[in-house]
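Here the structure comes first, spelled out in structure tokens, and everything after it is commentary.
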Amino acid sequence: QVQLVESGGGLVQAGGSLRLSCAASGKIFSCNVMGWYRQAPGNQRELVATITSEGDTTFADSVKGRFTISRDNAKNTVSLQMNSLKPEDTAVYYCVAKGIRTVVVVNGSLSLSELSDYWGQGTQVTVSS
């Protein structure tokens with residue numbers, strides 16, 4: 001089983017910055033995509049940013065130019081640098097790892113799993129006016 005642990009959330013004033021980090025642990029063989037979702041109270045979960053193992057990135061329109069995402073493939077970590085934060089960015093931010101292949105035991109022998117997705121438990125980001 002893969003576990004994702006987020007850190008770096010907190011309270012910041014509008015215009016400030018925060019850096020979120022996520023570490024994936026487990027018998028991970030490969031991970032195609034890592035990224036971040038967020039969910040504000042009463043809102044649907046929103047995709048914020050993704051990064052592939054090749055370094056290709058995507059961003060939600062609402063954060064383009066303000067957020068950057070990076071990852072360390074060797075350490076299975078991903079970070080989200082959030083600059084020029086706005087109150088609208090207030091949400092619980094969830095780390096996601098998509099397309100993870102793990103080492104598993106099948107009939108007493110080691111093997112590789114099929115691709116699976118994993119989610120962290122979230123970290124709160126609050127941006128004050």
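Atoms CD and OG, on Glu88 and Ser62 in that order, are 9.0 Å from each other to the nearest 0.5 Å. Rounded to the nearest 0.5 Å, atoms OG (Ser116) and NZ (Lys98) are 11.5 Å apart. We find the OG-CD distance between Ser25 and Gln1 to be 9.5 Å, quoted to the nearest 0.5 Å. Interatomic distance, OG of Ser7 versus CG of Leu20, reported as 8.0 Å (0.5 Å rounding). Note that the OG atom of Ser128 and the NZ atom of Lys86 stand 15.5 Å from one another [nearest 0.5 Å].
Side-chain contact of Asn83 with Ser17: a donor-acceptor pair under 3.5 Å is present, judged by distance alone. Side-chain polar atoms of Thr102 and Ser113 form a donor-acceptor pair below 3.5 angstrom.
Of the possible polar contacts, none joining the Thr52 side chain to the Asn32 backbone as a donor-acceptor pair under 3.5 Å is found. For Asp117 (side chain) and Gly99 (main-chain N/O), a donor-acceptor pair under 3.5 Å exists by modelled atom type. The main-chain N or O of Ala24 is never found under 3.5 Å from a side-chain atom of Asn76 such that the two would form a donor-acceptor pair. Checking side-chain atoms of Arg66 against main-chain N and O of Ser84 turns up a donor-acceptor pair under 3.5 Å.
Between Trp36 and Glu6 there is a side-chain heavy-atom pair separated by less than 4.5 Å. Looking only at side-chain heavy atoms (C-beta outward), Arg19 and Ser79 come within less than 4.5 Å of each other. Between Glu46 and Gln39 there is no side-chain heavy-atom pair separated by less than 4.5 Å. Using a 4.5 Å heavy-atom cutoff, the side chains of Leu110 and Lys27 are not in contact. With contacts defined as side-chain heavy-atom distances shorter than 4.5 Å, the pair Thr77/Ser21 does not qualify.
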Exercise for the section: Report the C-alpha distance between Thr50 and Thr58 in whole Å, list the side-chain angles of each, state the deciding distance to 0.1 Å, and finish with yes or no for side-chain hydrogen bond (donor to acceptor under 3.5 Å, both in side chains). Expected result: CA-CA 5 Å; Thr50 64; Thr58 62; 2.4 Å; yes

Exercise for the section: List the steps and the verdict of side chain to side chain contact (heavy atoms under 4.5 Å, CB included) for Val12 and Thr126. Expected result: CA-CA 6 Å; Val12 66; Thr126 302; over 6 Å; no

Exercise for the section: Please test Met82 against Asp89 for side chain to side chain contact (heavy atoms under 4.5 Å, CB included), starting from the C-alpha separation and ending with a verdict. Expected result: CA-CA 9 Å; Met82 304 183 295; Asp89 296 318; 6.0 Å; no

Handout entry: Evaluation steps, side chain to side chain contact (heavy atoms under 4.5 Å, CB included), between Arg101 and Glu114
Key = CA-CA 6 Å; Arg101 194 182 301 277; Glu114 298 298 319; 4.3 Å; yes

Exercise for the section: Verify side chain to side chain contact (heavy atoms under 4.5 Å, CB included) between Asn73 and Arg71, making sure each step is shown before the conclusion. Expected result: CA-CA 6 Å; Asn73 293 333; Arg71 67 182 286 174; 2.6 Å; yes

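Put simply, Ile28 and Leu4 are part of the same group of oily side chains (I, L, V, M, F, W, Y) that touch within less than 4.5 Å, one to the next. In this structure, Ile51 is a member of the same hydrophobic cluster as Leu18, with clusters built from ILVMFWY side-chain heavy atoms closer than 4.5 Å. Val96 and Tyr93 are members of different hydrophobic clusters when ILVMFWY side chains are connected at heavy-atom separations under 4.5 Å. No chain of hydrophobic side-chain contacts below 4.5 Å, direct or via other Ile, Leu, Val, Met, Phe, Trp or Tyr residues, connects Val78 to Tyr118. Hydrophobic clustering keeps Val63 apart from Val33 (ILVMFWY residues linked when any side-chain heavy atoms are closer than 4.5 Å, directly or through intermediates).
Around the CD atom of Gln124, the shell of radius 6.0 Å holds more than 12 heavy atoms that belong to other residues, nucleotides or ligands. Within a 6.0 Å sphere centred on CD of Gln121, other residues, nucleotides and ligands contribute 12 heavy atoms or fewer.
The two residues Ala49 and Phe59 come nearest to each other via the heavy atoms CB-CD2, 3.6 Å. In terms of heavy atoms, Arg38 sits closest to Phe67 at NH1-CE2, 4.1 Å. The minimum heavy-atom distance between Ser53 and Cys31, with the atom names listed, is CB-O, 3.7 Å. Here the shortest heavy-atom pairing between Val106 and Ser111 reads CG2-CB, 4.1 Å.
Ring-plane geometry between Trp119 and Tyr37 is classed as tilted, the angle between the planes lying from 30 to 60 degrees on a 0 to 90 degree scale.
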